[in-house]
Amino acid sequence: MIHEDLLNCLTLDCGEIASCSIVSQWRHPKNTNVVEGIVKSLARVVSNVQVHETSEESLAAVAGMFSSKAKGVEWSLDGDASNATVLVASEAHAITLAVEGLLGVVFTVATLTDEAVDLGELESPRFDYEPPGKCNGRIASVCISMVDSLWLTILDALSLILTRSQGEAIILEILKGYQAFTQACGVLHAVEPLNSFLASLCKFTINFPSEVEKKSILQSPNSKRLEPFTDQRDTVVLTPKNVQALRTLFNIAHRLHNVLGPSWVLVLDTLAALDRAIHSPHAMTQEVSTTVPKLTRESSGQYSDFHILSSLNSQLFESSALMNISAVNSLLSALCQLSHQYLTSGSSGFGLASSQKIGSINFSVERMICILVNNLHRVEPLWDQVVGHFVELANNSNQHVRNIALDALDQSICSVLGSEPFLDFTSPNQHTSLKIEDRVEKLRSLECSVISPLQSLYSSSQSIDVCSGSLKILLHVLERHGEKLRYSWPNILELLRSVADASEKDLVALGFQSLRVILNDGLSSIPQECLHVCVDVTGAYSAQKTELNISLTAIGLLWTITDFIVKRLLHDHVGKKDASSFPEVAFAPKQVNVERFEEQMVEVSNHADTSPLTKIVDSNKLLFSVFSLLHKLGADDRPEVRNSAIRTLFQSLGSHGQKLSENIWGTCLWDYVFPILDHASHMAATSSKDEWQGKELGTHGGKAVHMLIHHSRNTAQKQWDETLVLVLSGIARILRSFFPFLRSLTNFWSGWESLILFVKNSILNGSKEVALAAINCLQTTVVSHSPKGNLPMTYLVSVLNVYELVLQKSPHYSGNAASKVKQEILHGLGELYVQAQMMFDNQMYTQLLSVVDLAIKQAIITNENFETEFGHVPPELRTILEILPLLRPTDAISSMWLILLREFLQYLPRSGSPSIHENDADQTSTSYLVQANQGRLRNERHPRAASATSNHEASQSVTPGSAVAPVGIQNVLFAEKLVPALVELFLQAPMVEKCIICPEIIQSLGRCMTTRREHPDGALWRLAVEGFNQILSDDVKNLTTNVLTETCTSKPARTRIWKEVADVYEFFLVGYCGRAISSSLPSGSMEANESLEMTLLNILGDKILKSPLDAPHDVIQRLVSTLDRCASRTCSLPVETVELMPIHCSRFSLTCLQKLFSLSSYDNEDGKWSLTRCEVSKISILLLVTRCQSILNRFLIDENYLGERPLPAARLDEIIYILQELARLKIHFDTASVLPLPSHLNIVSNKENHDRRPHLLILFPSFCELVISRETRVRELVQVLLKLITTELTLDKVSLAN
C-alpha cells in the first residue's frame, strides 16, 4: 500500500504537468533533472511487468482500467474479491498510474514544443524553411533538454506496454503518446529520438505472425477464414493494433513531411510492406468489437481497413504538392534509396522473396510517379532525378525491372506533356506577366528534356526490348500529346527515319505506328520546314522490304499528306501578303485560337526584329513530290504496292482536284495519269503468262507444298491487268468529278480520242476485267455529266459509236467474257439514255434502238438452244429486259414510241403461229385493217424513223433464221418476260401513240394467248391475259374520266381497237376458256387458271360492257354474243356428256349466264344508266331470253329421256340458277321494248314503273310445262315465277267480288 501511495503521488505530479500552473514550473532547465527522476521511477514500475508471474492478468486489468476511463466509467473492484485478485488489481492500478504519468510527461513536452513554435522560438514544420543551427529560446531549450534526457526511457516503457497490451483504449493512448513525442522530436530536429520512435512505431505496423499465431488467428471465430488451399507462408494479418499504428504513422508523416529528411527511409520501408500486404491475396484483418469509435469496423469487414489504409497511403504522396522542394527531393531520394536497396538485395533472389523485392521496387517507382504527377507545376527541378532513376532501371538486367521502368517513363513523360506548362503558350490568361520569349524558351527547354530520354534509350541500349519500349513510349506520347509538341519534331522524325532502316520487324512496325499517328493527327503541329522530311520518312517506310503491310499503309498516308498540303494551298494566296510581318515563333498547334495567336505575334514583333514566321515551303513542290513518289511506286514490281500507289494517286486527285490550278492539272494528266495508263497497258500486254507458284509452305511426301493462288491472279499478266483496271477506275473518277474543267484544258480532245481508242481495243482484245473497266470509264463520264448539260454532243456520239462498233464485231467476239461485256454495254446504253435523254433526237434514238435490236438478234442466234438447256433466259436478253423500261422516249421524240413498241413486238409469237381466226368460221377477220393501219402508221412516222424501220425490215428479211421460228418457238421464255414489260411501256405511252399502236398490241397479246392449247401449263398465255386485262382496264378508266383526246377518240381509230378486242375475246373465251384440259395440271395451276378466266369475264361483263364505251354496235353485239356462246356450254351438250364435264367448265358457263343477267338487269342506284348501257341491255335481254328458253327446253327433254334416273348435277344447278335469276331480274322499259310481245299487253305504257318483268311472259309456255317436273325445287321456283307473271298481267287484282 505504501508503494501504491507513492505511485499516486508521482502520477499526480506528472498528470498535472499539462496544466498551466504546473507547466510554468517545468520551464526552468534545472527542473529537468527532477522530471527525469520521476520518469525513470515510473518506467521501472512499468518494466516490472516482465518479471511478475501475474503479468498477463495485470495487463488485462490495466487494459480494462483504460477502457473504463475511455467510457467515462470509474473502475472498481468487487467487495468479495479474493486476495489474489486484489493483488493483481493493485499491481494493475500501479501500472496504470505509471503509464498515465509517462503519457503526461510526453504530452507536456508536446505542449511546450507547440508553445515554442507559437512564440517563434521554433519554426513550424508546415512551412518551407531552413532549420537554424542552434535553438536559443528558453522553452525550446527546455524541450530539447527534456527530449535528450527522457526519450530513451519513455520509448522503452511505452514500447513494452504497447507490445504486451491488446486493449483498444490503452493502445490508442500509447499511440497518441508516440505521435505527440515523435512530432515534438521532428519540430526540435532531434534526429536520433525521431528515428528511434519511428523505428519503434514501424515495428507495430505490419505483423508477420508465427505459425502458432497463424493457427490461433485461423481458429478465432471473429476472423475471416482463409481458403483451404491458401499458401499460408504469404499470410499477412493486420490486427487492430497494426491498423492504428499505421494511422499514427501516416499522421506523423503528414505532420513532419518537411523535416523528415533521411528519416523517410524508415517510413517508406513500412509503407512498401503495407503496399505488399494490401495487394496480397492472402492478407487479412482481425475483427474487433465496437467499443472504441476510432476502431469501429465497417460492415464490409477486412476490406474496409485495407481501403482506408490504401487511401491514406495514396494521400501521403499526393500531399507532396504541399511540401517544400527540398522535402520533395528528400522524399524522392529516399524512394531511390529504397529502390536501390531492394534492387541490390534482389539481384540474385529467387521465388517469393524476389517477387516481394520486385513489388517493393514497383512501390518506389509508382510513388515517384505519384509525386511527379502532383508536382507538375514545378516539375523542372524534379525531372532529372526521377527520369534518371527510371533510365537506370531500364538498363537493368532484370526483365521485370526493365518493364517497370519503361512503364514509369511512359507515364512520367505523358503526365508532364499533359500538364499546365504545355498549355501556357496557347492559353491567353496564363502567366501574362512573363515575356513571351521567356515562356517560349522555358517551354523549349522542358520539351527537349522530356523527349530526350527516348532518343537516348533507343540509340544507346543494346537490348531490343528497351528499344521497343522506347518506341512504344514515343507512340503513346504522340497519341496523347502529339499536338502539343513544337520543338522536338526534327529529333522525332530523325529517330523514326532511322527505325525504317532497322532489320528487326517489330521495331519497324512500332516506328511506323508513330508515323501514322503523326500523319493522321499531328501534321498541323509540325513546322512547315519539316513537311518535306515527313514525305521522305513516309517514302522510306513505303519502300522498305521488311513488311508488306507497312508499305501499303505508308502509301495510304501519302494521301493524308496530300490532303494537308492541298488545304495549305487555299491559304497560300492570303498568307503570302502578311507572311513577312510574322515574328519567328514555333508553329502553332491546331487547337490554338487563331486570333489570340496573331495577337501574340504582334506582341513579339514589338520585342524582336521582324522576320518571317517560317520559311514558306512551296506547296506545289510538296504536292509534286508526293505525286512523283506515287508515280514511281506505281511501277513497283510488287502488285500490292503499285496498286495501292495508283489508288492513292487517283484518290488524291479526285478528292482535291477542285483546289488544283490548271497548270497543276495539266502536269498531272500528261506527266502522271496518261503515262501510268501507257505503262500499265504495255506491261499487261508484254508480261509473262506463266503461272506462278505460291509461297512454299513445307513438304509432303518428299514434294514441296505451295500456297494456292487464285486463278485470276496467278500470272504476271493477270496482275498487271488488275493494275490496269485500277488505272481505268481512277481515270473514270477524275473524269466524273472534273470533266467540265478538264475539257477546257489544251489538247484535252486529243486525250479523249486516245482514251476512246484505248477503250475500244481493251473491249475487243483485253481481258474481261479490263474490258468492263474500260466501259465503266466511258459510262461514268457520260452518266455523270449528261444531266447537267456539261457533255457536248460529240462526246456522247463517240461513246455510242464505240458501243455500236463493238457489237458489230461481236460475231468474232464470243465466250463467257464476251457475254459479260455485252451485258455491261447494254446496261450502259440504258443508263446512258436515262441520263442523257434530253440530248437524244430521232436519229440518235433510232441508232440506240438499232444497237439494242442487233444485240437481241445476236443473242437469239448465239444462244439458240440456251432456254432448252438451262431453263432460263440468256444473260444478254435478261439485260435487255432490264433496260427496256428505261428506253421510254421523251416528249420531244414521242413519235419514237411506235418504233420502240414495234421493235419489241416482233419478238412475240407472230403470224407463223396459229392464227386467232382459223378455228372459228363465224368470226370476221380484221387482218386487212391491221395491214391498212400499219401502212398508214408508217406514213405518219418521222421520216428518219420510217427510213430506219424500212432498213431494219429489209435487213431482217435477209437474216437467216432470225425472224419467226426462233422467236415464236424456241424463245418462249424471253417472250414471257417481254410481255409484262411491253404492257407496262404501252400504258406509259402518250395517248395519241397509244391509240395508234393499240390494235397491234392487242393482236400480239391475242397470239400469245393462243399458246394455251399447246402449252396449257405455260406462263406466256397467262401473262398475255393479265396484260390484256390491264390494257382494257386502263382504256375503260380513260373513257370514264374523259381523258381521251379528240384525236384518240376518232371513230376509225377506236373502231380498229374494239374490233381487235372483240376478236381476242371471241376467239379466246370461246375456244380456250371453260374447256376440259387434256393434260393433267396441278390443282394449284387449275385454280389459278380458273381465277384468271373469271377475271377476264369480270373485265368484260362488269367493266367494259357497263362503261360508256365508244365501240360500234356490231362490236358490242359480238362481245355480248361471246358471253352467250360461252354460257351455252352446258345446255348444248347431251345429257351423257354433261355427266363427264369437269366442274370448272360448268362454273364457267354459269358465270357467263350471270354476266348476261347482270347486263340485262336494271338497277339505277349507282346512277350509271346511259345510252350505251341501254343498248347493251337490249342486246343482252334478247340473247338471255333465247338462252333461257333453250335451257328450259333442254331440261324438259333430258328429264323425259332419263325417266326415273336423276339428272346430272350440272344440269340441275343450271336450271335452278336461271329460275332464281329470272325471278330477281328487273329490266328497263327501254330494254323491254325490244321483246317480241303483243302490243295489247301495254308493256311500255307505264315508263315510271321500273319494277316490271315482261321477259317472263315470253317464257310462260315453258314454265307451264315445268309445273309437272319431278324436281321439287324446280316446281317451287316455277310457282314463284307464275305468281310474278300474274302480277305482271295485273291479274292479282282481279276477283269475282269485283
Side-chain angles (χ1 to χ4, degrees), residues 634-635 637 639 642-643 646 650 673-692 710-735 749-782 795-829 831-832 847 851-852 854-855 857-859 861-863 874-876 879:
D637 56 348
R642 65 170 178 262
N643 291 346
I646 289 172
F650 285 105
V673 175
F674 287 116
I676 285 181
L677 179 62
D678 294 338
H679 178 74
S681 177
H682 172 73
M683 294 302 297
T686 59
S687 295
S688 172
K689 297 182 180 180
D690 297 336
E691 292 188 5
W692 290 346
H710 194 267
H711 65 85
S712 62
R713 295 177 176 85
N714 59 356
T715 67
Q717 184 190 40
K718 292 178 181 179
Q719 294 282 6
W720 275 107
D721 281 342
E722 184 180 4
T723 302
L724 187 56
V725 169
L726 290 176
V727 175
L728 289 169
S729 300
I731 294 176
R733 175 176 181 175
I734 61 175
L735 289 178
W749 173 252
S750 62
W752 176 263
E753 288 181 327
S754 301
L755 181 62
I756 289 290
L757 180 62
F758 175 82
V759 169
K760 184 189 70 173
N761 294 332
S762 297
I763 295 175
L764 295 176
N765 304 317
S767 64
K768 179 184 71 175
E769 291 77 11
V770 174
L772 295 178
I775 294 171
N776 180 69
C777 183
L778 294 184
Q779 194 67 26
T780 302
T781 305
V782 175
Y795 290 87
L796 180 61
V797 172
S798 65
V799 175
L800 273 177
N801 291 338
V802 168
Y803 290 163
E804 187 174 18
L805 180 63
V806 170
L807 290 178
Q808 286 176 353
K809 295 185 177 182
S810 60
H812 309 288
Y813 179 58
S814 59
N816 183 56
S819 176
K820 295 291 185 182
V821 172
K822 290 178 182 178
Q823 292 177 60
E824 191 66 22
I825 290 177
L826 291 171
H827 275 298
L829 286 172
E831 193 175 13
L832 181 148
Q847 181 183 3
V851 174
V852 175
L854 179 62
K857 287 182 169 57
Q858 289 178 354
I861 295 173
T862 305
N863 303 280
E876 297 94 323
T879 304

Measure the NZ-OG distance between Lys718 and Ser767 for me, rounded to the nearest 0.5 Å.
-> 9.5 Å
Can you tell me how far the CD atom of Glu831 sits from the CG atom of Leu826, to the nearest 0.5 Å?
-> 13.0 Å
Over all atoms of both residues, closest heavy-atom pair of Arg642 and Gly634 | CB-O, 3.4 Å
Between Cys777 and Ile731, which heavy-atom pair has the shortest distance, and what is it?
-> SG-CG2, 3.9 Å
Mark yes or no for whether Ser762, through its side chain, and Phe758, through its backbone, hold a donor-acceptor pair below 3.5 Å.
-> yes
Find the distance between CG (Asp721) and CG (Leu726) and round it off to the nearest 0.5 Å.
-> 11.0 Å
Side-chain donor or acceptor of Asn776 paired with backbone N/O of Leu772 under 3.5 Å = no
If you look at every heavy atom in Trp752 and Ser798, which pair is closest and at what distance?
-> NE1-OG, 3.3 Å
Of all heavy-atom pairs between Ala680 and Val727, which one has the smallest distance, and what is that distance?
-> CB-CG2, 4.3 Å
Distance col, row Leu735:CG vs Leu728:CG, nearest 0.5 angstrom, shows 10.5 Å
Do Tyr803 and Gln779 have a side chain donor and acceptor closer than 3.5 Å?
-> yes
Just how far is it from atom NZ of Lys760 to atom CG of Asn765, taken to the nearest 0.5 Å?
-> 9.5 Å
Determine whether the side chains of Gln823 and Ser819 contain a donor N or O and an acceptor N or O closer than 3.5 Å.
-> yes
Taking the side chain from Glu824 and the backbone from Ile775, do they hold a donor-acceptor pair closer than 3.5 Å?
-> no
Hey, are the side chains of Leu724 and Glu769 touching, using non-hydrogen atoms and a 4.5 Å cut-off?
-> no
Heavy-atom side-chain contact between Thr723 and Ile676 under 4.5 Å = no
So how far is it from Leu807 CG to Ile763 CD1, rounded to the nearest 0.5 Å?
-> 9.0 Å
Heavy-atom check, side chain of Trp720 versus side chain of Thr686, under 4.5 Å | no
